[in-house]
Amino acid sequence: GNAFRRNILVAEGAGTRVFRWEGLPFARNVSDRNVVWAGGRPIRTGRIMAKAVQGPNLIENPGCEAGPVGGLPESWSWALGASDDAKVAVVSGEAHSGTRSLAITHGSGNARTPGAVTMAAPGRSYPYVPGAAYVFEAWLRSDTERGDVRLEAYSWKHGAHSWVADTPIRVTPKWTLHRLVFRLPDRLSSEYRDTMDTFQVRISVSPLEGTVWVDDVSLRKAVPTDEWSAWRALGLDRGSVVGDPGFVAASRGDYRLKANSPALKLGFVPLPLERMGPYKSSDRATWPIIEARGAREMLRERPKGAVR
């Protein structure tokens, strides 16, 4: 894993995420003893947890009890197979509760295109409310243990936008409840688009031979934690400080630290800024440097004692 310690992180924009860690095992990657600052605004990490859920289950026919055996559950939107032998159908006699579930089955055939997955979308399209949080849950089991299943929430419009929140899950032969907590991008987020008017949820399974059963699916509104609390609940940055890092004059490009900077108390070693960057040399055409628009000077040599 990696260790990310004793850094200064400043988010200048209102919608800027301080961290963007995707697809990493958090137990094997450490972040701690950093100074984090967003100008007094909430710290964005892209992680949330649900303090509570509220309201009814938005998914109709969550247990697949309505609709014909061998077909798609009634009120479920759609299903798409990744291979010619993929089957997505209601079965009887295999269920977490009731008598039915949805079986997603693949034979030994290959996917039609590399990376293709079989998907099933419970429920329907839901109105897009910027910044709204939800909990998507499903009970799943498989004939053999596998880690190629994902719970996903998405908003998509051809030629306009494509957004996905997902979590990989490991499915076993025992019925187990799995959960995805997600927040729809708000208007300050770089991921938000004006064309976002609906969203859906889905279950995705890669075309490995075998069967995954799905039952008792739910989608409920969530009361979320703030993103910084959810980040720290993962064991990250518990020894870090949220506060102004104490630059001398950041607005003028002076990023030296004041004597009372919280970063110094965490063991941050100041960079020798006075020994970095362009310097006077007989090799230069001009001094001070006159840069062309969009150009940046490249050092050909460094003075004695300069940091590499």
query = Taking all atoms of both residues into account, what is the closest heavy-atom pair of Phe199 and Pro127, and its distance?
reply = CE2-O, 3.6 Å
query = Where do Leu102 and Pro73 come nearest, in terms of heavy atoms and distance?
reply = CD1-CD, 3.6 Å
Sequence-distant partners of [X], side chain to side chain contact (heavy atoms under 4.5 Å, CB included), two or more places apart:
X      : answer
Thr118 : Ala82, Ala86, Val88, Ile104, His106
Leu180 : Phe136, Leu151, Ala153, Thr167, Phe182
Ala111 : Ala116, Pro207
Tyr255 : Phe247, Ala250, Leu273

So how far is it from [X] [atom1] to [Y] [atom2], rounded to the nearest 0.5 Å?
X      : Y      : atom1 : atom2 : result
Ser31  : Leu236 : OG    : CG    : 6.0 Å
Asp148 : Arg150 : CG    : CZ    : 10.0 Å
Ser261 : Ile8   : OG    : CD1   : 5.5 Å

request  = Using the six-membered ring wherever Trp is involved, compare the ring planes of Trp21 and Phe26 and label them parallel, tilted or perpendicular (cut-offs 30° and 60°).
outcome  = parallel
ask   = If you measure only the distance, is there a donor-acceptor pair under 3.5 Å linking the side chains of Ser155 and His161?
value = yes
message = For Glu152, give me all partners under salt bridge (Lys or Arg N to Asp or Glu O under 4.0 Å), at least two apart in sequence or on another chain.
response = Arg202
inquiry  = So, using salt bridge (Lys or Arg N to Asp or Glu O under 4.0 Å) as the criterion, who are the partners of Arg170 when residues are at least two apart?
reply    = Glu145
inquiry  = Determine whether the aromatic ring centres of residues Trp231 and Phe19 are separated by less than 6.0 angstrom.
reply    = yes
ask   = Is the distance between the ring centroids of Tyr126 and Tyr134 less than 6.0 Å?
value = no
inquiry  = Working note: Asp32 + Arg238, criterion salt bridge (charged side-chain N to carboxylate O under 4.0 Å, His left out); need CA distance, chi angles, decisive distance, verdict.
reply    = CA-CA 6 Å; Asp32 205 9; Arg238 291 186 175 179; over 6 Å; no
inquiry  = Could you check whether Arg17 pairs with Glu22 (Lys NZ or Arg NE/NH1/NH2 to Asp/Glu carboxylate O, under 4.0 Å)?
reply    = yes
message = I want to check something: taking the side chain as every heavy atom from C-beta on, are Ser282 and Trp287 in contact at a cut-off of under 4.5 Å?
response = no
message = Could you check whether atom NZ of Lys157 has more than 12 heavy atoms from other residues, nucleotides or ligands sitting under 6.0 Å from it?
response = yes
ask   = Can you get from Val36 to Phe4 by hopping between Ile, Leu, Val, Met, Phe, Trp and Tyr side chains that sit under 4.5 Å apart?
value = yes
